[in-house]
Each structure stands twice: as C-alpha cells, then as structure tokens.
Amino acid sequence: MKSDFYQIYAPIIRNLEKAFAMVLKEGMYIGGHYVDELEEQIASYLDANEVVCCKSGTHALMLALLASNIGAGDEVITLGTTYYATAKAITNVGAKCVFCDCVASEGYLDEDACIAAMTHKTRAVIPVHLYGFPHAYSKLRDICAKKNIVVIEDCSHAFGTRLNGDFIGAKSQFACFSMYPTKNLGAFGDAGFVATNDSAKANKMRCLRYYADSSRQHFNSRAIHGRMDTLQAALIGEVLKFFPVLSDRRKRIFSMYRDSLLGCYRQLNIEAISEIVPYEYPILCSNRNEMFNYLRSHDIPAQKHYSIMLHMLHEFGYNKSLPNTETFNNSIICLPVIPDEHYIEQTKCIIEIVNKFNMDI
C-alpha cells in the first residue's frame, strides 16, 4: 500500500501540464508573478493578511525568526515531539533551542511547562500543530503578548485544519507551513510559506528570503537563500484549486479511523471546536515496536514519530529529561492518510488489520 501521486492528481494532470508549459514559455524560473499570485491565492484561502512563499518549511521558520530579529544570545522554546527541522531552524539563525515537555498522552506543547521555561532571554515560542490536530494555546498566547515574546506556529501538518471556525494560520503572528510533497498541500519538490497578520513583517521576509536586496547592490548578512521556484508556484496554484477534494478525502479517512479503530489503542483528543484535515493518523501503543513490525509485515506504510529525541541530541546542548515527551515519542505510531480516491478501500483493510493485532501476536 503506497501513495500514487499520478493517481491522486489524475483529475488535474492537464492543468499541471499547461502550467508547466507556460513557465517554460515565459522563461522565468525563480520568483515572478506565479509566486506573487500563489501568495495571494493562499492568503485568500486561509483568510490571512499576508503570505510569503519560500523554499521549504525550514526556510519558513527561519524567515519568521529572522524577521523577529532573533539570533545569537536569544532563546527560543519549542517541544521535543516534533521533527528535527523545527529545532534546527532555531540554531540556524544563531539562537539557542530550549525544549519543554509536552502534555502527557497528547503530544502538544505543555503551556505551563513552556511558561516555566521562560527567561529574560526568551524571544520566541514555537508550538506545533501535530498531525493536523490543532491546539489554541490561549494561555500561552496571553503570556507571550504580555512579555513581548513572539509566537511562531509550526503548521507543517495542518494546512486546511480549522479551529473555532478559522483556518490554522489565519490570524497568527507567524504560521509556518511545509509544502513537502506528502503534506496536505503538497508541492512537487520542496516548498513552504509563512502566513502573518503583520504586513511590515511580510515585506521584511520577502527581502530576507533572498539576501535582503532585489537590486543585488545592498545585502544583509543575516538574510538567506530561500526563494520559491517559479515552477513550484505555478503547480501548487493548480493543486490549491483541487485542495477541497483532497481535503474531503483526508477528512473522510480521518473519520473512518476515529470511528472504526478499537479502543485498545489510545487516540489523541480533539479540540472541542475543530475541523481536522489530518496529515497522518496517530495512535498510541504501549507495544509500539511490535505493532510497527506487524503493520509493515502487512505492507502498511506506518511511521514511528519521533524516535530520535531532539532534547537528547548533543548539538542542541539541552541536558534535561522530558518524561512526557519520551513516553509519547516511544508510543506514537502513525497510520497513513493518503488522499487517493481508491485508497478509501485500502483504509478499510488497514483498520481491519490494526483491529486484529492483539489476536495475531
């Protein structure tokens, strides 16, 4: 069982081919009007004030940090139940990554632990909307506003998810998205973007994504090389038009898992007022390795996230135990959510196989 990208995008193949041909005809391969138009399209879709496209989700996080003037001597708090790129973006801009624990058995950032970890050097917090499951972080946002600490949301898994009626990222200081091919809104290579409610910060990020000077006469040593390719922008624009179909398929698979998996596996709680477009479907297993091997033996592309504990990596210089994080990371297993119309039947098979696990071992 695997994703067939051609099958997923079969209904819009001609549109993708036309977009590809137009880019070749126009002869502009980096930046240009396709990127400008995609920024407007995504901002309109999310009802966000501004969107800044870039090379990847990692570059999106870096741009948000750089636009907030964060660097050497500053601390940025995030959690350990996330991918390496979240923490690496922090150290890439010269800041120190400080980890705090997650909420037990849920995986999202523990607001009280985060607040307790704040010091006079704390300049930003990066919470993560794991697997497309949103969390409001209302208490944390209030504290950060009082302390003038920037909230940069890692939304790499959450494009299309709503909370309290709004799309994730619609009203954020900074909401950073990956458009890696398997993400909810996927590119055909690496791509990403930042949504922000601050137009001045958006303009600053547009400068920072390419050495901070379009004239190539004046440069900023802290700026990066993180522009989006024109071809990606043109293709993603067509995928965005098709996104409601992809979103509905993901939501349908989400409902199938939630309604049909037996209760012997812990499922994550859902915020009361949310509409989730899942990236993957997480369950918690006390015997995770046995379950993982069992699923793989049935050709199910399950994933173990995140087995490498970021807070234990020497490069981040953080030497404290995070018990909830360690328990969660050793228990989580993700079932595939593939927005292929024909994958719906395969999802039924996955559910049957998962539910038979205890009988077969």
Side-chain angles (χ1 to χ4, degrees), residues 1-12 57 81-83 106-108 128-135 154-163 167-169 177-188 191-192 236 239-240 242-262 265-271 274-285 288 291-292 294-296 298-306 328-329 331-355 357:
M1 298 179 182
K2 63 180 181 179
S3 175
D4 184 338
F5 282 98
Y6 187 88
Q7 185 64 46
I8 292 171
Y9 295 118
I12 61 168
T81 51
T82 186
Y83 184 53
E106 295 300 330
Y108 59 80
V128 182
H129 299 289
L130 285 169
Y131 313 116
F133 285 59
H135 190 69
D154 186 332
C155 308
S156 293
H157 294 178
F159 188 86
T161 287
R162 292 180 185 266
L163 182 62
F167 282 115
I168 293 295
F177 293 80
S178 167
M179 291 191 282
Y180 183 79
T182 59
K183 295 297 197 293
N184 293 4
L185 179 64
F188 297 84
I236 295 165
V239 175
L240 182 59
F242 189 55
F243 184 75
V245 174
L246 301 175
S247 173
D248 286 344
R249 290 175 184 172
R250 285 184 179 273
K251 287 188 282 188
R252 183 178 174 188
I253 293 171
F254 175 89
S255 296
M256 291 171 66
Y257 281 137
R258 178 152 291 272
D259 295 342
S260 302
L261 288 174
L262 297 179
Y265 311 108
R266 171 84 163 77
Q267 300 184 54
L268 301 190
N269 290 325
I270 302 174
E271 284 274 335
S274 63
E275 180 182 327
I276 296 174
V277 179
Y279 170 52
E280 293 177 318
Y281 192 84
I283 56 176
L284 293 167
C285 309
R288 195 263 296 271
M291 168 65 111
F292 179 79
Y294 170 85
L295 293 176
R296 284 301 180 101
H298 286 79
D299 198 29
I300 296 172
Q303 299 291 331
K304 292 193 286 187
H305 302 296
Y306 293 99
F328 186 88
N329 283 0
S331 303
I332 197 76
I333 193 165
C334 287
L335 303 176
V337 176
I338 300 175
D340 180 343
E341 183 179 3
H342 303 286
Y343 199 79
I344 302 297
E345 290 301 317
Q346 290 185 324
T347 301
K348 294 178 183 177
C349 295
I350 292 172
I351 291 168
E352 291 178 6
I353 291 168
V354 171
N355 287 340
F357 175 62

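This one's a predicted model, so the numbers in the text were calculated from it and none came from an experiment.
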Test of understanding: with ring-ring contact (aromatic ring centres under 6.0 Å, His included), list the residues that count as partners of Y108, not counting sequence neighbours. H135
Distance check, rounded to the nearest 0.5 Å: E352 atom CD versus H298 atom NE2? 11.0 Å
Interatomic spacing from NE2 in H129 to CD1 in I276 - rounded to 0.5 Å: 11.5 Å
If we ignore hydrogens and angles and just use 3.5 Å, is the side chain of T161 paired with the main-chain N or O of I168 as donor and acceptor? no
Pairwise side-chain contact, F133 with N269, heavy-atom cut-off 4.5 Å (strictly under): no
Using atom types as modelled and distance alone, determine if a side-chain donor or acceptor of N184 lies under 3.5 Å from a backbone N or O of G160. no
Nearest-0.5 Å distance, CZ of residue F177 to CG of residue L185: 9.5 Å
Distance from I350 atom CD1 to I338 atom CD1, nearest 0.5 Å? 7.0 Å
Can you name the nearest heavy-atom pair linking Y257 to Q267, along with the distance? O-OE1, 4.1 Å
Which heavy atom in Y131 sits nearest to a heavy atom in C334, and how many Å separate them? CE2-SG, 3.4 Å
Students often mix this up, so state it plainly: with edges at 30° and 60°, are the rings of F159 and F243 parallel, tilted or perpendicular? perpendicular
Heavy-atom distance under 4.5 Å between the side chains of D340 and Q346, does that happen here? no
Roughly how far apart are R250 CZ and D248 CG, rounded to 0.5 Å? 12.0 Å
Results of ring-ring contact (aromatic ring centres under 6.0 Å, His included) for Y83 - residues two or more places apart only: none
Report the C-alpha separation of L335 and I253 in whole Å, then their side-chain angles, then the decisive distance to 0.1 Å, and conclude whether the side-chain contact (heavy atoms from CB on, under 4.5 Å) test is met. CA-CA 10 Å; L335 303 176; I253 293 171; over 6 Å; no
For I344 and M256, what are the C-alpha separation, side-chain angles and deciding distance, and is it a side-chain contact (heavy atoms from CB on, under 4.5 Å)? CA-CA 9 Å; I344 302 297; M256 291 171 66; 3.8 Å; yes
Closest non-hydrogen atom pair between P336 and I300, with its separation: CD-CG2, 4.1 Å
Worked verdict on V128 versus T81 for side-chain contact (heavy atoms from CB on, under 4.5 Å): CA-CA 9 Å; V128 182; T81 51; over 6 Å; no
Can you give me the closest heavy-atom contact between C285 and M291, atom names plus distance? SG-CG, 4.0 Å
In this structure, CG of L295 is separated from CD1 of I333 (nearest 0.5 Å) by 5.0 Å
Under the ring-ring contact (aromatic ring centres under 6.0 Å, His included) test against F188, which residue among Y9, Y180, F5 passes? Y9
Which heavy atom of L268 sits nearest to which heavy atom of P282, and what is that distance? CD1-CG, 3.6 Å
Would you indicate whether R252, at its atom CZ, is surrounded by more than 12 heavy atoms from other residues, nucleotides or ligands within a distance under 6.0 Å? no
Minimum heavy-atom distance Y281-L261, with the two atoms named: CE2-CD1, 3.9 Å
